[in-house]
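What follows is a set of notes on a single structure, which appears directly below.
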Amino acid sequence: MDFLNDLNSQQRQAVTAAPGQTLVLAGPGSGKTRVLTNRIAYLVQAMGVRPYHILAVTFTNKAAREMQTRLERLFGATLDGIWLGTFHAACARILRREADYLPVSSSFVIMDADDQETLVKRALKELNISDKLYRPSSVHAAISNAKNNLTLPENFPTRNYRDEVIVRLYERYQQLLQASNGVDFDDLLLMTVNLLENHPEVKERYARRFEHVLVDEFQDTNVAQYQLLGQLSSYHHNLYAVGDEDQSIYRWRGADYRNVLRFAEDFPGCQKILLEQNYRSTQTVLDAARAVIDRNPYRTPKNLRSDRGPGNPILSYEAVDDHAEAAYVVDTIQQLVSGGKCKGSDFAVMYRTNAQSRLLEEAFLRSGLPYRLVGAQRFYGRREIKDMISFLRLVHNPADEVSLMRVINVPPRGIGDKTLVALQLAARQAGAGPGEVLIDLGRQGDQSPYWKSFSGRGATVLVDFGAMLSDWREGSQALTLPALFDRILNDTVYQAYLDDGSEEGQGRWENVQELRKLAYEYQDRGLTEFLENLALVSDQDTLPEQTDAPTLLTLHAAKGLEFSHVFIIGLDEGLIPHSRSIDDPEEMAEERRLFYVGLTRARNQLYLVRAGQRSTYGSYEVSEPSRFLSDIPEELVHTQGNRSHGRRSTSAWQDATRWQTRSAPSAMKSAPVVERRFPPGSRVNHPTWGEGMVVDSRIQDEEETVDVFFDSVGFKRLLASAAKLERIRK
DNA sequence: GCGTTACATATTTTT
DNA sequence: TATGTAACGC
């Protein structure tokens, strides 16, 4: 049990906890994943638990993979029989096994968020409800919300007329889903919980098997997930939850950090262990983070400690506008990288909204520095990728109407609204799905009973497409996945459709080939598994790793990561906290946690950046500093630049920007030992240049360096000890 | 049925 | 800004 020696006492206590319900509250950087994996190792090695009896659930595939890798390292082999994966993957697995109990067959497709919205739109259309009054995204959110709370249409609380309409939409939506032999993302959880609830014998089977249930990021569980954990651990009662209320940032998706509090109420005998030793950040970072998060109510106070000493002060910078903000970030990174002090991969730039990445990207492109963008342009969200996946899904499951409607006329083959309406009608009259009708048409041509339901031209084009589809279906038995893929590409002449000679078209075609490459990897596993993985694996999981470039990402995407140098930009009211959060205290608390998550990603150096004005789609607006900034104790922060000096000619300001950038202290330097004599804002006198105002001042190599804006000559950078500076009163 | 255009539209976070 | 859609003309 060597691994126990490398743990601190809190960690060891957590890893070796007695069976039963255990709650580990793990502050950022406290070795949470390590505790989780070592716990599994401990269960297997010390307590003799067979991996077969262990279930470990995470929220992301990445986290699951990370645990997998660490376990392999600990054991020198893969653990046979263990269930280790995301909530959704585990549920999908259960549902496919137990499909006999379900309204769908075991080959059900998993509908992603886009598909869900498409279904909502169809429900709106069918029920003749205005999509202006009932925006699809909002209806989708309401349905999703209900499902996350285990609310079925019949239990949906209707407080007003709008709710009643939503219930009707919810019901129709559900019908459409099932007609497509589909299960949406939320159903994976909801249906599993209901299955276990309504069939105690099924529940017992799983609960008996899983002697130990472990959960990562417990604070992000929603009602359904919480319920599920209870069910799965209902026989052996060994539930091991690791999380941190302070890092709960998915409230909008139904996550409820109060589950952490509920855990203690529901299991009064549970053990609660706090991990407060931080191995990531300097004490300065932790102190700032703590000052921010301590203002949140309803949490377990934690005292995060670091052995790494105070480190560098936090640098804060206020740019004139959002362009200058981006320029500051890029310039600073460029200086530190070209100075050889840092690698590109030491840096991360975090922001609240994806839209903010654009100016950054432009600035990076201008500078020639490579960068890595997380999230924004989703590979699986691209049109061409969705098209190809839809073809494959259709082959796998012709009942999938969402996919059918997506690609029935892609590339354009003369199937327009009129023909589609006729197809829907014919299907409804026959009590079949449009997919079946289509395939029958394809097989039998004018001999098909459906033939006469269509006009001459409509019938022909439908027969053509139906023939293709039924061909693929037969092919799917005989052909390998990549071969099927190519067959589809060929038959649809998809390349010609995409690659119109433009750069964009070429890019799209490359994406298709990228997907084909992936299909190639699945040739031994087949279509079903390929599709399941496409549905459950997000883009975040397919990030190219190991590029030596700064990472651009949202604060949400940053959770679980760490970087030496972290920039958090857009620290303005309306962005952080986001304007949609200001009138709801719970939302506001979540914004605070989000900022906290960002702060605690930094190992060495934090940069807090904002802009005095920024363009919100079109026009510029003046912005106020984020309220969270004032929660950070001043002594932890070193303010760079100072917009408040009187004149601000463009050139002087640009000088200042560039200049301060260059002088950003390196992360590796220790904290200042010399006292500053000329704090920013003070007036000084110089023998040759006369009076000026100190704009910036910092200690470097035990020397005080100051930036002064002189009334006579503008900006100068001086060594305080060498220049005969004199401080004067205003 | 298709493609173009103008126009309106709404802009958080996504396993 | 950028995206989607409604309307129009072919």
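All chains are named by letter (A, B, ...) in the order of the sequence lines, taking the proteins before the strands, and each is independently numbered beginning at 1. Note that this is a predicted model, so its numbers are computed, not measured.
- Note on A:Asp115 versus A:Arg406: no salt bridge recorded, every NZ/NE/NH1/NH2 to OD/OE distance being 4.0 Å or above.
- Residue A:Ser615 places no side-chain N or O under 4.0 Å from the OP1 or OP2 atom of C:dT1.
- At a threshold of 4.0 angstrom between heavy atoms, the contacts of A:Arg457 are confined to the sugar-phosphate backbone, with no base atom among them.
- Considering only heavy atoms from C-beta on, A:Leu214 stays 4.5 Å or farther from A:Val242 through its side chain.
- Both A:Glu591 and A:Gly414 lie close to DNA chain B; mapped to their nearest nucleotides by heavy-atom distance, the more 5′-ward contact belongs to A:Gly414.
- For the pair A:Arg358 and C:dA2, the criterion of a side-chain N or O lying under 4.0 Å from OP1 or OP2 is met.
- Of the candidate nucleotides B:dG1, B:dG3, B:dT13, B:dG1 has the atom lying nearest to any side-chain atom of A:Thr419.
- With hydrogens and angles ignored, the 3.5 Å screen pairs no side-chain donor or acceptor of A:Asp184 with any backbone N or O of A:Leu177.
- The distance between atom CZ of A:Arg383 and atom P of C:dG4, rounded to the nearest whole Å, is 9 Å.
- Ranked by how close their nearest DNA chain B nucleotide is to the 5' end, A:Glu590 and A:Gly416 are led by A:Gly416.
- Expressed to the nearest 0.5 Å, how far CD of A:Gln356 lies from CD1 of A:Ile569 amounts to 5.0 Å.
- One can place CZ of A:Arg614 at 16 Å from P of C:dT1, the figure rounded to the nearest angstrom.
- Atom P of nucleotide B:dG1 and atom CD1 of A:Ile408 are separated by 12 Å, given to the nearest angstrom.
- The nearest whole Å value for the distance from the CZ atom in A:Arg580 to the P atom in B:dA10 is 10 Å.
- Where stacking is scored as ring centres under 5.5 Å apart with planes under 30°, A:Tyr250 does not register as stacked on the base of B:dT13.
- When each of C:dT5, B:dA10, B:dG1 is scored by its nearest atom to the side-chain atoms of A:Lys121, the top-ranked nucleotide is C:dT5.
- The separation between A:Asn61 atom CG and B:dT14 atom C1' is 13 Å, rounded to whole Å.
- For the pair A:Asp114 CG and C:dG4 C1', the interatomic distance rounds to 14 Å; values are reported in whole Å.
- Within 4.0 Å (heavy atoms only), A:Asp220 reaches no atom of the nucleic acid at all.
- If you measure from atom CG of A:Leu575 to atom P of B:dT13, you get 11 Å, rounded to the nearest angstrom.
- Here A:Thr353 lies in heavy-atom contact (under 4.0 Å) with sugar-phosphate atoms only.
- For A:Asn409 and B:dG1, the shortest distance from a side-chain N or O to OP1 or OP2 is not below 4.0 Å.
- A distance-only check finds no donor-acceptor pair linking the side chain of A:Glu401 to the backbone of A:Pro434 [under 3.5 Å].
- If you take CG of A:Leu553 and P of B:dT14, they are 10 Å apart, rounded to a whole angstrom.
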